[in-house]
S.K.: 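For reference, the structure I am asking about is given below.
Just so it is clear, the values below take in all heavy atoms, side chains as well, and ignore hydrogens, waters and symmetry mates.
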Amino acid sequence: MKRERRNFTEEFKREAVKLVGQPGATRAGIARDLGIGPNLLGRWCRDAAGTSRSGAAGSEKVSLDEYERMRRELAKVKTERDILKKALGYFAAEPK
C-alpha cells in the first residue's frame, strides 16, 4: 500500500511554528493535534529559524579567498603552537 505524500501550505507551516512558541505547548502535542509527525514540525521550526540540520557551517558558502585566508591563518597558528610546545619542553626539562 503506497501512501500519498501530503503537501502543506507555507501559511500552515508558519502557523504551526507559531503554536510551538506558545507557553505550555509541546512540539509533540502540537504535532499530534495537527496530524503531522513531530520530526516534520521540528524541521519546519529549524527552517523558520534559518538553520538546517547540517549546521551553520554546512549551509554557509565560503568564498575561495576567505577559504585561503583561513587556511593560511590555521597554518600560522599551528606553527605558533608547535613553537610553544617546544619551548615548554625546553623550560620544563630539569637542569643538569
S.K.: Under the side-chain hydrogen bond (donor to acceptor under 3.5 Å, both in side chains) definition, can you give me all pairs with a residue in residues 64-73, not counting sequence neighbours?
M.R.: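 Qualifying pairs, neighbours excluded: E66-R69, E68-R71, R69-E73.
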S.K.: Hey, does V20 have a side-chain heavy atom less than 4.5 Å from the side chain of W44?
M.R.: no
S.K.: Between R27 and L41, which heavy-atom pair has the shortest distance, and what is it?
M.R.: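 Residues R27 and L41, closest heavy atoms: O-CD2, 3.5 Å.
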S.K.: With respect to T79, which candidate in V77, D82, I83 satisfies the side-chain contact (heavy atoms from CB on, under 4.5 Å) definition?
M.R.: I83
S.K.: Any chance you could measure L34, atom CG, to L19, atom CG, to the nearest 0.5 Å?
M.R.: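 If we round to the nearest 0.5 Å, L34:CG and L19:CG are 6.0 Å apart.
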S.K.: Do any pairs count as a side-chain hydrogen bond (donor to acceptor under 3.5 Å, both in side chains) and have a residue in residues 10-19, sequence neighbours left out, and if so which ones?
M.R.: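 Every candidate side-chain hydrogen bond (donor to acceptor under 3.5 Å, both in side chains) pair involving residues 10-19 fails, so no pair, neighbours aside, qualifies.
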S.K.: Measuring from atom CG of L88 to atom NZ of K85, what distance do you get when rounded to the nearest 0.5 angstrom?
M.R.: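 Interatomic distance, L88 CG to K85 NZ, rounded to 0.5 Å: 10.0 Å.
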S.K.: Which atom names give the shortest non-hydrogen contact between P38 and A28, and what distance separates them?
M.R.: CB-CA, 4.4 Å
